[in-house]
K.L.:
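Pasting a structure below so you can have a look.
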Amino acid sequence: MASSTLHFFFVALLLPFTLTTATRDTCATAAPDGSDDLSIIPVNARCSPFAANPTSTSVMDTVLHMASADSHRLIYLSSLVADKPNRTSVPIASANQLLHTGNYVVRARLGTPPQLMFMVLDTSNDAVWLPCSGCSGCSTAATADSTVSCSAAECTQARGLTCPSSSPSPPSTCSFNQSYGGGSSFSASLVQDTLTLASDVISNFSFGCINSASGNSLPPQGLMGLGRGPTSLISQTTSLYSGVFSYCLPSFRSFYFSGSLKLGPMGQPRSIRYTPLLRSAHRPSLYYVNLTGVSVGPTQVPVDPTYLTFDSNSGAGTIIDSGTVITRFVQPVYEAIRDEFRSQVKGPFSTLGAFDTCFAADSDSLAPKVTLHMTSLDLKLPVENTLIHSSAGTLACLSMAGIPLNANAVLNVIANLQQQNLRILFDVPNSRLGIATEACN
């Protein structure tokens, strides 16, 4: 049974730092044993090839900037409807504005010969694709080996994959077109080649090979989907990792910090609480949990249960997602949480970007903890997962928000800011999600 640990080096949240000692370059691509160092890093981190100036922006400004793309992300998540073609758009900003995303990149080697790529990691996407040599409109390109024909089973498995209406003999190459909410689109062919993750070599791995792209919102070096669909990394590596993975996202509080992604059942925490992992027939790619209520301090917030109830057919309910920055609730639920939070904290309150409950930071000691109640599991969020502070330390904001009016109004999203310093374990075969406290820093 294989198991692989991918260490995160989350370098960017944007405070000055000094490294006093180091045994090797933390951004090196080779580990001491000679295998690739599969660090997972935020797109705006020091070790990311897409990083901007890390000292030019405060933590608050960075999070605000990232959260500004959440509305596009939520529209994308609501578009993931079964049997709905050509709607796997991902709201990834252009290479010079990657702070707009809450996604992380992973070092992986794909193609022939193996080429190092920094690919966006996404728990709510089934696709794996990257720009290939000869791609028109791509800034980076890899060389892939063998194409997949229209007659292959893989050609019918992934969202948006199509073949020409009149296939010549021999069968033509399986191809697909996708468009993006930010005005970008691409065309690609389905190919098979070797994927290398750390010391694990995965042969005949299927992925999309982009041959033309337009617009500026595509992940420059590709996408690595961890969703439930048949062409995701997790589905294609079932024999290797048994459909099990976990991650621990570190806090945004320091410039240099680390976390980890673990693939496979080995090395997962033994002391961990589980809640059922649900699947929607309407949105089968997403990871749902049964959120039954929310407490603010000692008070369970009164909300109409219909706003929380999981409905497989409609896709209503609550998902856990790595690509959304701040947790979002349908508007009536969020307003009830916000109003109860305000009643327990001294005002006055102001609005800053996506945050509508900001107050003087000297009152944050009065801020209550927020608890998410799920089946068989109560997740009491630490204060640092509930509040975000200004760089001057004078302002604190409740780091949650309502669903924007232009997004799907029935989908609650537990986002990455609220997942920090927790081990989140996805056990797909046993339909359960595990959560344990862990110091990821």
Side-chain angles (χ1 to χ4, degrees), residues 10 13 40 42-44 62-80 87-93 97-105 120-127 180-182 217 219 223-228 247-252 259 277 280 283 285-289 291 294 308 315-331 333-334 337 353-356 370 372 374 379 381 385-386 388 397-422 424 426 433 435:
F10 291 94
L13 281 216
I40 298 180
V43 289
N44 57 326
T62 296
V63 173
L64 287 170
H65 199 53
M66 293 162 67
S68 68
D70 272 359
S71 60
H72 301 293
R73 174 76 179 179
L74 294 167
I75 292 171
Y76 156 67
L77 293 173
S78 68
S79 75
L80 295 177
R87 290 304 299 271
T88 49
S89 58
V90 181
I92 306 298
Q97 295 189 18
L98 278 166
L99 289 179
H100 277 299
T101 80
N103 287 314
Y104 308 98
V105 292
V120 167
L121 201 65
D122 191 343
T123 57
S124 295
N125 201 293
D126 301 330
Y180 281 71
S217 60
L223 185 79
M224 184 70 76
L226 293 173
R228 296 175 180 267
Y247 55 69
C248 188
L249 303 179
S251 169
F252 287 159
L277 195 59
S280 167
R283 296 190 176 94
S285 301
L286 305 182
Y287 293 106
Y288 283 80
V289 293
L291 183 68
V294 179
L308 301 177
T318 302
I319 67 167
I320 187 161
D321 177 51
S322 68
T324 307
V325 180
I326 59 174
T327 290
R328 303 277 183 153
F329 297 99
V330 297
Q331 202 64 34
V333 174
Y334 173 69
I337 295 170
F355 308 127
D356 67 0
V370 175
L372 305 180
M374 291 170 269
L379 175 59
L381 297 172
N385 291 27
T386 306
I388 183 75
C397 300
L398 177 64
S399 56
M400 300 175 184
I403 298 289
L405 294 177
N406 62 340
N408 188 281
V410 299
L411 196 63
N412 305 296
V413 182
I414 301 174
N416 60 41
L417 187 61
Q418 279 64 47
Q419 297 176 47
Q420 293 174 356
N421 282 323
L422 299 170
I424 311 293
F426 298 77
L433 180 87
I435 302 179

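Numbering starts at 1 and runs along the sequence shown.
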K.L.:
Can you name the residues that form a ring pair (Phe, Tyr, Trp, His ring centres under 6.0 Å) with Y287, not counting sequence neighbours?
P.N.:
F426
K.L.:
Measure the spacing between OG1 of T386 and CD of Q418 and express it to the nearest 0.5 Å.
P.N.:
7.0 Å
K.L.:
Please report the closest heavy-atom contact between I424 and Q419, naming both atoms and the distance.
P.N.:
CG1-OE1, 3.8 Å
K.L.:
Measure the shortest side-chain to side-chain distance between D321 and D122 over non-hydrogen atoms and say whether it is less than 4.5 angstrom.
P.N.:
yes
K.L.:
Over all heavy atoms of both residues, which pair between L398 and F355 is shortest? Give the atoms and the distance, please.
P.N.:
O-CD2, 3.4 Å
K.L.:
So which heavy atom on R328 is nearest to which on A354, and how close?
P.N.:
NH2-CB, 4.1 Å
K.L.:
How many angstroms lie between CG in L291 and CD1 in I319, if you round to the nearest 0.5 Å?
P.N.:
12.5 Å
K.L.:
So among L381, N385, V325, I388, which one has a side chain to side chain contact (heavy atoms under 4.5 Å, CB included) with S399?
P.N.:
I388
K.L.:
Taking atom types as modelled, is there a side-chain donor on Y334 or D356 under 3.5 Å from an acceptor on the other?
P.N.:
yes
K.L.:
For G323, does its backbone N or O pair with a side-chain atom of N416 as donor and acceptor, under 3.5 Å?
P.N.:
no
K.L.:
With a 4.5 Å heavy-atom cut-off, do F329 and L411 have their side chains touching?
P.N.:
no
K.L.:
Are side-chain heavy atoms of L249 and N421 found at a separation under 4.5 Å?
P.N.:
no
K.L.:
Locate the shortest heavy-atom distance separating G315 from S280; write the atom from each residue and the value.
P.N.:
CA-OG, 3.5 Å
K.L.:
Is the shortest side-chain heavy-atom distance between T318 and I414 below 4.5 Å?
P.N.:
yes
K.L.:
Any side-chain heavy atom of T324 sitting closer than 4.5 Å to one from L77?
P.N.:
yes
K.L.:
Restricting to non-hydrogen atoms, name the atom on M374 and the atom on V289 that form the minimum distance, rounded to 0.1 Å.
P.N.:
SD-CG2, 3.8 Å
K.L.:
Might you point out which heavy atoms bring S285 and S124 nearest each other, and give the distance in Å?
P.N.:
CB-O, 4.5 Å
K.L.:
Would you check if T123 and I320 make a side-chain contact, meaning some heavy-atom pair closer than 4.5 Å?
P.N.:
no
K.L.:
So how far is it from L121 CG to L223 CG, rounded to the nearest 0.5 Å?
P.N.:
8.5 Å
